[in-house]
S.K.: 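Take a look at the following structure, please.
Only heavy atoms go into these numbers, but all of them, side chains included; no hydrogens, no water, no symmetry mates. Computed from a predicted structure; not experimentally measured. Chain A is the first sequence line, chain B the second, and so forth, proteins listed ahead of strands; every chain is numbered from 1.
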Protein chains: 2
Amino acid sequence: MLLSKSCVYGLRASLYLASKRGNEYHSLKEISEELEISFHFLTKILQQLTADGYVESYKGPNGGVRLSSNGQNATLFDLVIAIDGPGLFTQCALGLPGCGLQEPCPLHDHWVGARGKIENMLKRMTLNEIAEEGKEKHFRLTAEGEFSWQ
Amino acid sequence: MLLSKSCVYGLRASLYLASKRGNEYHSLKEISEELEISFHFLTKILQQLTADGYVESYKGPNGGVRLSSNGQNATLFDLVIAIDGPGLFTQCALGLPGCGLQEPCPLHDHWVGARGKIENMLKRMTLNEIAEEGKEKHFRLTAEGEFSWQ
DNA sequence: CTTATTTAAGACTTCTTTGTCTGAAATTAC
DNA sequence: GTAATTTCAGACAAAGAAGTCTTAAATAAG
Ligand code: FES
Ligand code: FES
């Protein structure tokens, strides 16, 4: 798979938070139920994003998580780097070391192009901007699309 | 990672075979040493390609494996499908079910483009054609590039 | 202060991928 | 035939990813 499951869950949860107006906290229970993601697993992923400063958390009743201003202006690329690391954007398609530094493998020129396209796709908009777009276009964040950008 | 390790090993071994003139058999020991891939692991991968008709094998002294005519005219795409399955070319970037059938996720339009670019990269040449190209351009198939297309 | 709610932290289990090992079957050379 | 070489088949082990569970810490409400 292109992205790990942790990463996909992290992106979807971040987009969920971006879709919510105001800056209230949303509980992990709510998010995990809405997006149908294992509660404890999601907890660990969002803890990572909190550590990286994309998400702010608050404990106690009515607590939860929300995007920091950093998070609102982050791109999906930033989140992928935070969760999966930079490998996807630097590594050789054939797994050889030193892509771009040593002699190219047979796929190099083409893979650099495709890889760049993926990078652009993830870099082109901030979470806030994607959320705006989502309100117009009714993008799907869940299997059955029961989630709405309101 | 884009492709599994099994898949990458399978592609590299197939390109190795394509680089060899004539239709002699090459032993798995030779291939695994040249390409620095675990012998037993490579064995299993090539057994799969044999079962799928891309590779022919012969037992006994001076035995080994070689590309079938199907294999020589196969593309890397064919081999990826055989080893990793079609998931990379059909699945949603956010892991949602029914990509292309249900409402699109926020990445869909862009992912379809990038995915197509990857597909084209893998489909554009047969193993034989890549081997020809490799002889001109000295592509790398190993970490240090000690392999030569001769 | 007590209780309920919520995130934080980390141990633990399960599943998949990756890699290793052993023995059987086919083939060749002597 | 016997021994050596090679693929075939499948059990097994190690490592990583994915998912579960328990306890602790912070906060709010009564
Ligand atoms: S060397 Fe293989 S993709 Fe760059
Ligand atoms: S629905 Fe997500 S990429 Fe197609």
S.K.: Using a cut-off of 4.0 Å on non-hydrogen atoms, how would the nucleic acid contact of B:L28 be classed: base, sugar-phosphate, or nothing?
M.R.: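 B:L28: backbone/sugar contact only, no base atoms under 4.0 Å.
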S.K.: What is the distance, to the nearest angstrom, from the CD atom on A:E24 to the P atom on C:dT6?
M.R.: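 Going from A:E24 (CD) to C:dT6 (P), I get 15 Å.
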S.K.: Side chain of A:F41 only, please: which of D:dC8, D:dT20, C:dT28 is the nearest?
M.R.: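 The closest nucleotide is D:dT20.
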S.K.: Is the shortest side-chain N/O distance from B:S6 to OP1 or OP2 of C:dT17 below 4.0 Å?
M.R.: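 Indeed not, no polar side-chain atom of B:S6 lies that close.
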S.K.: Look at B:S38 and C:dT20 and indicate whether a side-chain polar atom (N or O) is within less than 4.0 Å of OP1 or OP2.
M.R.: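 Affirmative; the distance criterion is met.
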S.K.: For A:F39 and A:P61, take the nucleotide of DNA chain D holding the closest heavy atom to each; which residue's nucleotide lies nearer the 5' end?
M.R.: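 So the residue in question is A:F39.
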S.K.: Run the side-chain contact (heavy atoms from CB on, under 4.5 Å) test on A:E33 and A:K29 for me, step by step, so that the C-alpha distance in whole Å, both residues' side-chain angles and the decisive distance to 0.1 Å come before the verdict.
M.R.: CA-CA 6 Å; A:E33 282 172 0; A:K29 182 159 180 296; 3.2 Å; yes
S.K.: Considering only heavy atoms from C-beta outward, does the side chain of A:I37 approach that of A:I31 to under 4.5 Å?
M.R.: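 No; the side chains remain at least 4.5 Å from each other.
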S.K.: Does B:S57 have a side-chain nitrogen or oxygen under 4.0 Å from the phosphate oxygens OP1 or OP2 of D:dC8?
M.R.: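 So the side chain of B:S57 is within the cut-off, an N or O lying under 4.0 Å from OP1 or OP2 of D:dC8.
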S.K.: Could you list the protein-to-nucleotides 10-12 of chain D atom pairs, N/O on both sides, closer than 3.5 Å?
M.R.:
none

S.K.: Please pick, from D:dA25, D:dG19, D:dT7, the nucleotide with the shortest atom-to-atom distance to any side-chain atom of A:Y9.
M.R.: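 The nucleotide sitting nearest to the side chain is D:dG19.
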S.K.: Tell me the interatomic distance from B:I83, atom CD1, to C:dT17, atom C1', rounded to whole angstroms.
M.R.: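 So the two atoms are 14 Å apart, to the nearest Å.
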S.K.: Report yes if at least one side-chain N or O of A:K5 is closer than 4.0 Å to OP1 or OP2 of D:dG19; otherwise report no.
M.R.: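 Answer is yes, contact under 4.0 Å.
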S.K.: Give a yes/no answer on whether the side chain of B:Y58 brings an N or O atom under 4.0 Å of OP1 or OP2 in D:dT5.
M.R.: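 So the side chain of B:Y58 is outside the cut-off, no N or O lying under 4.0 Å from OP1 or OP2 of D:dT5.
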S.K.: At under 4.0 Å between heavy atoms, what does A:Y25 touch on the DNA or RNA strands: base, sugar-phosphate, or nothing?
M.R.: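 A:Y25: no heavy atom of the nucleic acid under 4.0 Å.
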S.K.: Could you point out which residue of B:N23, B:N73, B:V55 forms a side-chain contact (heavy atoms from CB on, under 4.5 Å) with B:L67?
M.R.: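 That would be B:V55.
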S.K.: Identify whether NZ of Lys or CZ of Arg in B:K44 sits under 6.0 Å from the centre of the six-membered ring of B:F41 and within 45° of that ring's axis.
M.R.: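 Negative - B:K44 is either too far from the ring of B:F41 or too far off its axis.
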S.K.: Quick one: is B:S27 getting a side-chain N or O under 4.0 Å of the D:dT5 phosphate, OP1 or OP2?
M.R.: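 Result: no.
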